[in-house]
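Right, one structure below, let's go through it.
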Amino acid sequence: MKKIMIFIAALCVVTAAGALYTSTKVSAAGAQEYTLTVNGRAVQVNTAEQMPFEHKGTVMVPLRATAESLGYEVSWIAAEKAVRVEDRIQSVLLKQGSTQAKFTGKLKVINLNQDVELPVPVQSRKGIMYVPTAFFEPFFNEVVIKEGNISISAQMSSIQ
């Protein structure tokens with residue numbers, strides 16, 4: 001009977017430890033691991049280098065994978081050493097190491113031109129450009145970071 005009680009206690013400890021481990025995913029380096037969901041679908045990254053990460057308290061996401069999942073066009077502007085991200089109503093120019101995002105509107109009736117100050121500079125790691133999640137908010141997206149999941153959703157409206 002004593003062996004059964006010890007076995008049950010050990011099983012409870014292992015189960016509780018496993019649940020605690022999976023509830024907060026932490027990498028080998030001790031940093032929080034994030035999953036990225038865009039419009040309700042998980043964004044698949046090819047390597048660990050493409051995973052979202054935290055930098056100075058700001059969550060960074062891979063620019064191309066995130067923007068293209070939202071339906072935006074991403075292009076490299078070699079002459080300016082910058083990346084352009086655009087949708088039907090606006091575009092933005094980003095340079096590595098800069099905290100400035102220059103939005104240019106394409107509509108004549110609504111002025112969407114604005115300079116947005118990002119909380120941390122745009123970064124490049126192994127050829128992949130990362131931006132703070134806040135970069136996607138001026139594109140009229142909702143950004144929610146909760147329990148290791150980054151959720152970015154396009155906000156839609158309609159005229160009735």
Side-chain angles (χ1 to χ4, degrees), residues 5-76 82-103 112 114-158:
M5 293 301 285
I6 292 173
F7 175 75
I8 291 173
L11 185 62
C12 289
V13 168
V14 169
T15 303
L20 182 62
Y21 174 76
T22 58
S23 67
T24 53
K25 301 174 197 166
V26 177
S27 68
Q32 166 101 26
E33 286 187 12
Y34 292 94
T35 58
L36 176 59
T37 306
V38 174
N39 290 329
R41 294 186 179 176
V43 175
Q44 299 300 318
V45 293
N46 299 331
T47 63
E49 288 85 22
Q50 292 179 318
M51 293 296 294
F53 64 92
E54 195 169 321
H55 175 69
K56 295 183 180 179
T58 300
V59 178
M60 307 290 284
V61 293
L63 175 61
R64 181 175 296 277
T66 308
E68 288 179 348
S69 294
L70 284 162
Y72 305 149
E73 185 177 317
V74 180
S75 55
W76 173 250
V83 172
R84 175 176 285 129
V85 179
E86 57 188 318
D87 65 5
R88 293 177 301 185
I89 63 169
Q90 62 186 340
S91 68
V92 63
L93 202 62
L94 289 169
K95 293 184 179 183
Q96 179 183 331
S98 176
T99 58
Q100 291 291 316
K102 184 170 184 64
F103 283 81
L112 295 173
Q114 62 179 323
D115 290 335
V116 174
E117 183 76 23
L118 300 173
V120 295
V122 175
Q123 295 184 20
S124 182
R125 289 185 171 185
K126 297 186 179 185
I128 299 165
M129 190 171 280
Y130 288 86
V131 295
T133 55
F135 165 76
F136 291 100
E137 290 173 353
F139 275 107
F140 308 106
N141 295 298
E142 178 183 40
V143 177
V144 177
I145 303 169
K146 186 176 178 182
E147 297 175 359
N149 183 50
I150 305 157
S151 176
I152 302 175
S153 302
Q155 297 300 300
M156 299 293 179
S157 63
S158 61

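In this chain, residues are counted from 1 in sequence order.
- Nearest heavy-atom pair, Ala65 versus Ser69, reported as atom, atom and distance to 0.1 Å: O-OG, 2.7 Å.
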Exercise. Take Phe140 and Ile89, measure what side chain to side chain contact (heavy atoms under 4.5 Å, CB included) needs, and give me the verdict at the end.
Key: CA-CA 11 Å; Phe140 308 106; Ile89 63 169; 3.7 Å; yes

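- Under a 3.5 Å cut-off, the side chain of Asp87 and the backbone N or O of Gly71 do not form any donor-acceptor pair.
- For Leu70 against Ala154, the heavy-atom pair with the smallest separation is CD2-N, 4.3 Å.
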Quiz item: Given the rule in the side chain to side chain contact (heavy atoms under 4.5 Å, CB included) test, do Val61 and Val131 qualify, once you have shown the distances and angles that lead to the verdict?
Solution: CA-CA 6 Å; Val61 293; Val131 295; 4.1 Å; yes

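- Here the shortest heavy-atom pairing between Gln123 and His55 reads NE2-CD2, 2.8 Å.
- In terms of modelled atom types and a separation under 3.5 Å, the side chain of Gln90 and the main chain of Pro138 share a donor-acceptor contact.
- Of all non-hydrogen atoms in Gly97 and Pro121, the two that sit nearest each other are O-CB, 3.4 Å.
- Thr133 contributes atom OG1, which lies 3.5 Å from atom CD1 of Ile145 (distance to the nearest 0.5 angstrom).
- Remark: Met51 CE to Arg125 CZ distance equals 12.0 Å, nearest 0.5 Å.
- A distance of 7.5 Å separates CD of Glu117 from OG of Ser98, quoted to the nearest 0.5 Å.
- With values rounded to the nearest 0.5 angstrom, Arg84 atom CZ is found 5.5 Å from Leu93 atom CG.
- Heavy-atom minimum distance, Gln100 versus Leu94: O-CD2, 4.1 Å.
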Exercise. For the pair Asn149 and Thr37, evaluate side chain to side chain contact (heavy atoms under 4.5 Å, CB included) and give the outcome as yes or no after the intermediate values.
Key: CA-CA 7 Å; Asn149 183 50; Thr37 306; 3.1 Å; yes

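- One distance of note links CZ of Arg88 with CD of Glu73; it measures 13.0 Å at 0.5 Å rounding.
- A distance of 13.0 Å separates OG1 in Thr66 from CE in Met129, rounded to the nearest 0.5 Å.
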Quiz prompt | Step-by-step side chain to side chain contact (heavy atoms under 4.5 Å, CB included) determination, Lys95 to Val122 | solution = CA-CA 7 Å; Lys95 293 184 179 183; Val122 175; over 6 Å; no

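- Nearest approach of Ile128 to Pro62, heavy atoms of both residues: CG2-CB, 4.1 Å.
- Ring orientation note: the planes of Phe136 and Phe139 are tilted relative to one another, at an angle of 30° to 60°.
- When the options Thr99, Val59, Leu118 are evaluated for a side-chain contact (heavy atoms from CB on, under 4.5 Å) with Pro132, the one that passes is Leu118.
- When each of Val85, Leu63, Val92 is tested with Tyr72 by the rule side-chain contact (heavy atoms from CB on, under 4.5 Å), just one qualifies, namely Val85.
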